[in-house]
Amino acid sequence: MKKVRFFYDKDKEREWLQEMCDSGYQFTGFFLMFYSFKPCEPGEFYYEIDLLDDYKDYKKYKEFMTDLNVDVICRWYRWVFIRKSSKDGRFDLYSDKESLISHYEEIKKFFKFAFIFELVIAIFELTLTLIHYTITSLVSTIAISMITFFLYRIIKRTNQKIESLNVEVNESF
Amino acid sequence: MNIKGPLTESNYYILLSLRNPNHGYGIIQEVEKITKERVKLGPGTLYGAINSMLKKNWIKLYSEDKSSRKKKEYVITKIGIQVLEFEIIRLKELIKNAKLLEDKYEKS
């Protein structure tokens with residue numbers, strides 16, 4: 001079975017994959033916006049999504065995780081989809097606040113880079129449209145601006161997550 | 001040596017459990033055992049910590065047998081032992097100063 005979804009928040013994406021698994025469909029692969037599923041026992045696995053420092057680390061990462069009984073399902077650029085049998089109990093990929101914060105910092109950096117890239121293109125497209133108006137350049141300016149805005153929202157949301165984690169560290173009493 | 005403040009609890013226990021050569025899964029089990037299951041290292045936390053400590057030369061690869069698919073083992077280095085010792089001195093100071101509170105209640 002294939003499903004089409006678009007996520008820009010990896011926590012929401014993880015939740016959805018978990019819901020799918022809990023209703024008897026295990027996630028098996030990802031391509032662009034297509035998610036593949038096949039039947040499984042409801043709730044057989046716990047899912048997680050991780051971000052590699054470098055996509056070239058994938059082999060090393062996979063070996064490391066396999067030794068810890070974690071299945072690495074697939075990779076999409078620097079993003080990896082992983083799962084663990086629910087028989088092993090809870091699956092907390094990051095077990096302390098410090099490493100969870102640096103995970104989100106890494107995600108923020110990832111999207112910041114994409115944001116700046118898209119912003120430069122958006123400004124370029126806009127200038128082009130203003131100099132020489134065509135319907136195509138207008139449409140592409142709007143499309144790229146929307147992507148840029150989306151990226152801005154992801155960065156803002158990631159920032160909120162980091163902030164709330166920092167508050168928990170400092171004010172847990 | 002670049003130590004910025006205290007070690008995180010996870011890093012402290014990972015370093016400590018590498019006083020003898022150990023592999024990833026072994027580290028998780030050892031830390032669970034010595035903290036009576038209070039600290040359960042997450043795979044992502046362990047992966048990040050091991051890579052950053054390898055980079056800082058606090059730990060090193062001890063063995064890697066590619067032919068038999070044996071798990072990679074890591075072990076603490078001299079620098080790592082120094083880092084751990086500095087941290088233990090700091091922790092002992094914290095405990096020693098905790099007596100200030102005990103003394104206050106003993107007097108009253």
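Basis for what follows: all heavy atoms, side chains included, without hydrogens, waters or symmetry-related copies. Chain identifiers are assigned alphabetically (A, B, ...) following the order of the sequence lines, protein sequences preceding nucleic acid strands; residue numbering begins at 1 within each chain.
- Within a 6.0 Å sphere centred on CZ of A:Phe113, other residues, nucleotides and ligands contribute 12 heavy atoms or fewer.
- Contacts between A:Ser99 and chain B at a heavy-atom distance below 4.5 Å involve the side chain alone, from C-beta outward.
- Environment of OH in A:Tyr58: crowded, with over 12 heavy atoms of neighbouring residues, nucleotides or ligands closer than 6.0 Å.
- Under the 4.5 Å side-chain criterion, counting only non-hydrogen atoms from C-beta, B:Pro43 is in contact with A:Phe91.
- Heavy atoms from other residues, nucleotides or ligands lying under 6.0 Å from CZ of A:Phe64 number more than 12.
- Residues of residues 44-52 of chain B having a heavy atom under 4.5 Å from any heavy atom of chain A, listed by number: B:Gly44, B:Thr45, B:Leu46, B:Tyr47, B:Ile50, B:Asn51.
- Cluster annotation: B:Leu100 and B:Ile95 are assigned to distinct hydrophobic clusters (Ile/Leu/Val/Met/Phe/Trp/Tyr, side-chain heavy-atom contacts under 4.5 Å, transitive).
- Under a hydrophobic clustering in which Ile, Leu, Val, Met, Phe, Trp and Tyr are joined whenever their side-chain heavy atoms come within less than 4.5 Å, directly or via other members, A:Ile144 and A:Leu126 fall into different clusters.
- Hydrophobic clustering of Ile, Leu, Val, Met, Phe, Trp and Tyr side chains at less than 4.5 Å, counting indirect connections, keeps A:Ile121 apart from A:Phe111.
- Shown here for B:Lys40 and A:Ser95, the closest heavy-atom pair between the two residues is O-CB, 3.1 Å.
- Interface residue A:Tyr94: backbone and side-chain heavy atoms are both found under 4.5 Å from chain B.
- A:Tyr61 touches chain B through backbone and side chain together, each having a heavy atom under 4.5 Å away.
- Residues of residues 23-39 of chain B having a heavy atom under 4.5 Å from any heavy atom of chain A, listed by number: B:Gly24, B:Tyr25, B:Ile28.
- Within a 6.0 Å radius of NZ in A:Lys161, other residues, nucleotides and ligands contribute more than 12 heavy atoms.
- Residues A:Phe27 and A:Met1 are members of one and the same hydrophobic cluster, defined by side-chain heavy-atom contacts under 4.5 angstrom among Ile, Leu, Val, Met, Phe, Trp and Tyr.
- With a 4.5 Å cut-off on non-hydrogen atoms, A:Asn69 touches chain B through its side chain but not through its backbone.
- In this structure, the portion of A:Asp92 lying under 4.5 Å from any heavy atom of chain B is its backbone and not its side chain.
- Both A:Ile147 and A:Ile123 belong to a common hydrophobic cluster when Ile, Leu, Val, Met, Phe, Trp and Tyr are linked at side-chain heavy-atom distances under 4.5 angstrom.
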